[in-house]
Amino acid sequence: MINCAIAGLGRWGRALVEAAHHEPRLRITSAVEPDIAHAEDFCAAHGLSPATSLDAVLADRDIDAVLLATPHSLHKAQVIAAAASGKQVFCEKPLALRRDDAAEMFAACRKAGVVLAVGHNRRFWPAMRALRAIVASGELGTILHVEGHNSNENSQGITQGWRLSPEESPGGGLTGAGLHVLDGFVSLLGPARQVYARLNAREAGPPPLDTAILAIEFVNGVSATLATVRATPFYWRVHVFGTKGSAEVLDEVTMVLRKSGALPAMTRYPACDALAAELSAFADAVEGRQPFPVPEADVLATLAAFEAALQSMQTGHPVACQ
């Protein structure tokens with residue numbers, strides 16, 4: 001049994017607690033939440049003991065791991081402190097906004113001999129898993145171009161909080177939604193070489209109205225475009241184009257395969273609980289069964305492209321990924 005504490009009981013932290021009920025190897029026993037008064041009912045319903053601070057959790061010998069669903073600006077200090085305390089770490093994305101900060105976190109966990117798992121839950125979508133398999137198989141031929149989009153309508157309900165902060169959520173919808181697609185691209189294609197990005201901020205809000213567009217060149221020569229709109233209903237699309245066909249993922253379970261001379265073929269895969277799946281993968285990594293399937297190199301490559309995109313939005317010029 002892996003005894004865990006969770007830091008952050010906002011919407012996503014609560015979703016992780018609920019998903020953990022489907023992984024018998026994980027037991028979340030305590031919670032760190034600044035506004036614990038508003039979380040009392042949730043803690044009681046899920047058997048969580050409120051902790052006075054993260055430091056108290058890290059000093060508790062009965063806690064084996066921490067799940068971080070906190071603002072990314074806190075992640076570096078929290079991850080490094082957890083590693084120094086010998087705790088396994090699951091941290092929600094974005095791990096950081098800068099590649100170098102993320103690299104320091106991985107180095108601290110590696111030195112301490114603990115896992116650092118980054119919660120890119122959409123990697124666990126059945127359709128995205130199938131897309132990676134098709135691309136790796138060579139069925140699409142030489143990959144030439146990829147298109148992606150993630151919008152989630154979250155700006156319509158924003159009146160306060162981190163999503164309104166240019167420090168916590170820069171690049172319009174890129175931090176909250178577009179980063180999922182960027183990680184999906186890296187999982188398919190590897191690191192990017194250069195990014196040219198533009199943020200069109202129509203209204204500062206609240207609610208903010210903006211669009212973000214990225215043109216990406218990958219090290220392997222593949223081109224890509226990515227867009228995100230915070231004010232429109234949820235939409236997901238990752239479409240890979242090759243010399244022998246294309247494959248387009250439209251949601252968690254749907255893929256459309258197109259080949260010359262044939263009608264488009266739609267496949268719907270069995271649904272799964274992606275949060276439970278990534279927590280199960282975290283448990284596997286902690287137990288040494290297999291590495292967490294979002295490797296350090298991919299996390300750093302995604303953040304290098306993300307950081308380049310933010311710089312490009314500011315300068316108006318293409319920026320090389322470092």
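Counting begins at 1 with the first residue of the sequence.
Side-chain atoms of His75 come within 3.5 Å of backbone atoms of Pro94 as a donor-acceptor pair (strictly under, hydrogens ignored). Under the 3.5 Å distance criterion, the side-chain polar atoms of His72 are left unmatched by any main-chain donor or acceptor of Ala96. A donor-acceptor pair under 3.5 Å is formed between the side chain of Ser137 and the backbone N or O of Ile134. Without hydrogens or angle criteria, Glu248 side chain to Val256 main chain gives no donor-acceptor distance under 3.5 Å. Listed for the Thr175 side chain is a donor-acceptor partner under 3.5 Å among the backbone atoms of Pro170. When atom types are taken as modelled, the side chain of Arg25 and the backbone of Ser280 share a donor-acceptor pair closer than 3.5 angstrom. No donor-acceptor pair under 3.5 Å is formed between the side chain of Ser312 and the backbone N or O of Ala308. At distances below 3.5 Å, not a single donor-acceptor pair connects side-chain atoms of Thr211 with backbone N or O atoms of Val229. Side chain of Thr315 to main chain of His317: a donor-acceptor pair is present (N/O by atom type, distance under 3.5 Å, no hydrogens or angles). No donor-acceptor pair closer than 3.5 Å links the side chain of Asp273 to the backbone N or O of Ala19.
Ion pairing of Arg122 with Asp183 is absent here, as no side-chain N (NZ or NE/NH1/NH2) approaches a carboxylate O to less than 4.0 Å.
Surrounding CD of Glu139 are more than 12 heavy atoms belonging to other residues, nucleotides or ligands, all under 6.0 Å away. Applying the 6.0 Å contact sphere to CG of Asp41 captures no more than 12 heavy atoms from other residues, nucleotides or ligands.
Closest non-hydrogen pair, Cys321 versus Ala192, comes out as CB-O, 3.4 Å.
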Worksheet item: Between Leu188 and Val222, is a side-chain contact (heavy atoms from CB on, under 4.5 Å) present by the stated rule, with each step listed?
Response: CA-CA 11 Å; Leu188 293 163; Val222 177; over 6 Å; no
